[in-house]
Protein chains: 2
Amino acid sequence: MAAQPQAPASCCIAGDQARALLKALADPIRLQVVEALAPGERCVCELTEQLGLAQSKLSFHLKVLKDAGLLSDRQQGRWTYYRLQGRALEQLRDWLDQLMLCRSS
Amino acid sequence: MAAQPQAPASCCIAGDQARALLKALADPIRLQVVEALAPGERCVCELTEQLGLAQSKLSFHLKVLKDAGLLSDRQQGRWTYYRLQGRALEQLRDWLDQLMLCRSS
DNA sequence: TACATTCATCAAGATTTCTTGATGTGTAAT
DNA sequence: ATTACACATCAAGAAATCTTGATGAATGTA
């Protein structure tokens with residue numbers, strides 16, 4: 001059967017969006033951040049300590065990840081907590097699945 | 001002496017390997033190349049025409065993709081045919097799944 | 001042999017991305 | 001009000017990546 005052009009809601013992100021996610025993840029520091037956040041949210045100061053990064057450096061990468069939709073943040077008092085957005089990872093996986101579908105035809 | 005990291009064959013690629021794949025895919029031109037190759041193999045001259053790219057430019061990006069393990073090539077006469085390595089895409093998807101698993105625990 | 005075709009590779013410049021240190025903003029404690 | 005803390009943002013330099021045009025290697029054709 002031919003590949004289906006339509007797909008469920010959570011699927012089907014555009015190539016551009018997929019590329020934004022790929023680009024955000026394709027950096028060693030940002031990947032460490034994502035892995036550090038996989039178990040659950042952390043505040044910036046915990047991350048700087050855990051990863052041994054300069055604060056400004058971490059902040060830069062957190063912004064990249066947030067802009068890509070991979071992280072959300074929440075402010076509580078003086079601390080800012082970052083959290084991994086599983087939705088973005090799912091979308092990327094679905095995009096990969098779609099690509100593999102095209103292939104197997 | 002290839003000290004093999006302990007991991008099941010298709011799953012469980014290291015973060016470094018995942019990052020190499022992410023980096024290779026995180027470029028608009030390379031993403032176009034990958035999508036162009038999804039239906040099946042193409043020779044370089046077909047790709048240059050289809051994508052409207054300078055030959056040297058395309059060659060550069062093909063090398064990046066091949067080095068990352070996303071493409072394989074096959075020489076036939078004067079032509080070189082490139083083919084998408086579905087295995088690499090699967091590995092990347094599995095790596096994503098693994099990351100999502102860590103998250104939900 | 002001589003020549004054209006296909007593709008890879010190289011070096012130099014252009015562009016993008018990252019890092020660093022300084023400064024700014026908001027919050028809370030004294 | 002002053003100070004300390006947590007974090008974001010900025011500008012300038014450093015580093016990585018991409019592009020371009022030229023050249024080279026391999027294959028096939030006349």
Side-chain angles (χ1 to χ4, degrees), chain A residues 15-37 40-85 88, chain B residues 15-37 40-85 88:
Chain A
D16 275 357
Q17 202 173 345
R19 214 187 75 236
L21 293 172
L22 292 164
K23 194 169 171 185
L25 289 171
D27 175 273
I29 290 181
R30 291 195 290 265
L31 210 46
Q32 283 187 315
V33 170
V34 165
E35 282 163 356
L37 290 176
E41 71 174 13
R42 296 280 183 276
C43 74
V44 178
C45 59
E46 285 173 310
L47 288 172
T48 56
E49 191 173 347
Q50 179 176 344
L51 303 178
L53 294 175
Q55 181 267 317
S56 133
K57 193 173 184 172
L58 175 58
S59 201
F60 169 80
H61 290 291
L62 286 171
K63 181 168 168 47
V64 173
L65 288 166
K66 186 184 169 190
D67 287 350
L70 279 159
L71 301 184
S72 62
D73 61 345
R74 167 178 78 84
Q75 191 145 2
Q76 181 175 344
R78 289 193 275 193
W79 295 274
T80 303
Y81 289 88
Y82 278 85
R83 167 191 300 273
L84 187 56
Q85 287 294 96
Chain B
D16 275 356
Q17 201 173 343
R19 200 171 54 78
L21 294 172
L22 292 164
K23 194 169 169 184
L25 290 170
D27 175 273
I29 289 181
R30 291 196 290 266
L31 210 45
Q32 283 187 315
V33 169
V34 166
E35 282 163 355
L37 289 176
E41 69 175 13
R42 298 279 183 275
C43 75
V44 178
C45 60
E46 285 172 312
L47 288 171
T48 55
E49 190 174 346
Q50 180 177 342
L51 302 178
L53 295 175
Q55 181 267 319
S56 133
K57 191 174 184 174
L58 175 58
S59 201
F60 169 81
H61 290 290
L62 285 172
K63 181 167 168 46
V64 173
L65 288 166
K66 186 184 169 189
D67 287 350
L70 279 158
L71 302 184
S72 61
D73 61 345
R74 168 177 78 85
Q75 190 144 4
Q76 181 174 345
R78 289 192 278 192
W79 295 274
T80 303
Y81 290 88
Y82 279 85
R83 169 191 298 274
L84 187 55
Q85 287 292 98

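To find a chain, count down the sequence lines: A is the first, B the second, and so on, and within it residues start at 1.
- Set against C:dA8, C:dT19, C:dT9, the side chain of B:Lys63 has C:dT9 as its closest nucleotide.
- Positionally, the nearest nucleotide of DNA chain D for B:Val64 lies more toward the 5' end than for the other of B:Val64 and B:Gln55.
- Summarising the geometry, the separation between CD1 on B:Ile29 and P on C:dT16 is reported as 12 Å, rounded to the nearest angstrom.
- Around atom CZ of A:Arg74, more than 12 heavy atoms belonging to other residues, nucleotides or ligands sit under 6.0 Å away.
- Of the candidate nucleotides D:dA8, D:dC18, C:dA8, D:dA8 has the atom nearest to the side chain of A:Thr80.
- Each of A:Gly77 and A:Ala26 lies near DNA chain C, and the nucleotide nearest A:Ala26 is the one positioned closer to the 5' end.
- For A:His61 and C:dT17, the shortest distance from a side-chain N or O to OP1 or OP2 is not below 4.0 Å.
- The separation between B:Leu53 atom CG and C:dC7 atom P is 13 Å, rounded to whole Å.
- Looking at the side chain of A:Arg30, the nearest of the listed nucleotides D:dT19, D:dC7, C:dC18 is C:dC18.
- Using a 4.0 Å heavy-atom distance criterion, A:Lys23 is classed as a sugar-phosphate-only contact.
- Taking every side-chain heavy atom of A:Ser56 into account, C:dG21 is the closest of C:dG21, D:dC7, C:dT19.
- Atom CZ in B:Phe60 sits roughly 16 Å away from atom P in C:dT15 (whole-Å rounding).
- At a cut-off of 3.5 angstrom, counting only N and O atoms as typed in the model, there is no donor on one side facing an acceptor on the other between the side-chain of B:Gln75 and the base of D:dA26.
- Taking atom OH of A:Tyr81 as the reference point, atom P of D:dC7 lies 8 Å away to the nearest angstrom.
- B:Arg19 is listed as a side-chain neighbour of B:Asp16, based on a closest heavy-atom distance under 4.5 Å.
- Using a 4.0 Å cut-off, no side-chain N or O of A:Arg78 falls inside it from OP1 or OP2 of C:dT25.
- Looking at every heavy atom in both residues, A:Leu37 comes nearest to A:Tyr82 through CD2-O, 3.5 Å.
- In terms of position along DNA chain C, the nucleotide closest to B:Val44 lies nearer the 5' end than the nucleotide closest to the other residue of the pair A:Asp27 and B:Val44.
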- Go through the steps for B:Leu58 and B:Val33 under the test side chain to side chain contact (heavy atoms under 4.5 Å, CB included), then give the verdict. CA-CA 9 Å; B:Leu58 175 58; B:Val33 169; 3.8 Å; yes
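- Within the 4.0 angstrom heavy-atom criterion, only backbone atoms of the sugar-phosphate kind lie near A:Tyr82; the bases stay farther away.
- Here B:Lys57 does not reach the OP1 or OP2 of D:dC18: none of its side-chain N or O atoms lies under 4.0 Å away.
- Among C:dC7, C:dT19, C:dA8, the nucleotide with an atom closest to any side-chain atom of B:Ser59 is C:dA8.
- Taking atom CG on A:Leu62 and atom P on D:dA6, their separation rounds to 16 Å, with Å as the unit.
- Separating the CG atom of A:Leu65 from the C1' atom of D:dA8 is a distance of 15 Å, rounded to the nearest angstrom.
- A:Leu70 places a side-chain heavy atom less than 4.5 Å from the side chain of A:Leu25.
- You'll find the side chain of B:Leu62 reaches within 4.5 Å of the side chain of B:Leu47, heavy atoms only.
- Set against C:dT9, C:dC7, D:dA8, the side chain of B:Cys45 has C:dC7 as its closest nucleotide.
- A:Gln76 places its CD atom 13 Å from the P atom of C:dT27, with the value rounded to the nearest Å.
- Within 4.0 Å of B:Leu58, counting heavy atoms only, lies no atom of the nucleic acid at all.
- Rounded to whole Å, the distance from CG on B:Asp67 to P on D:dT17 is 12 Å.
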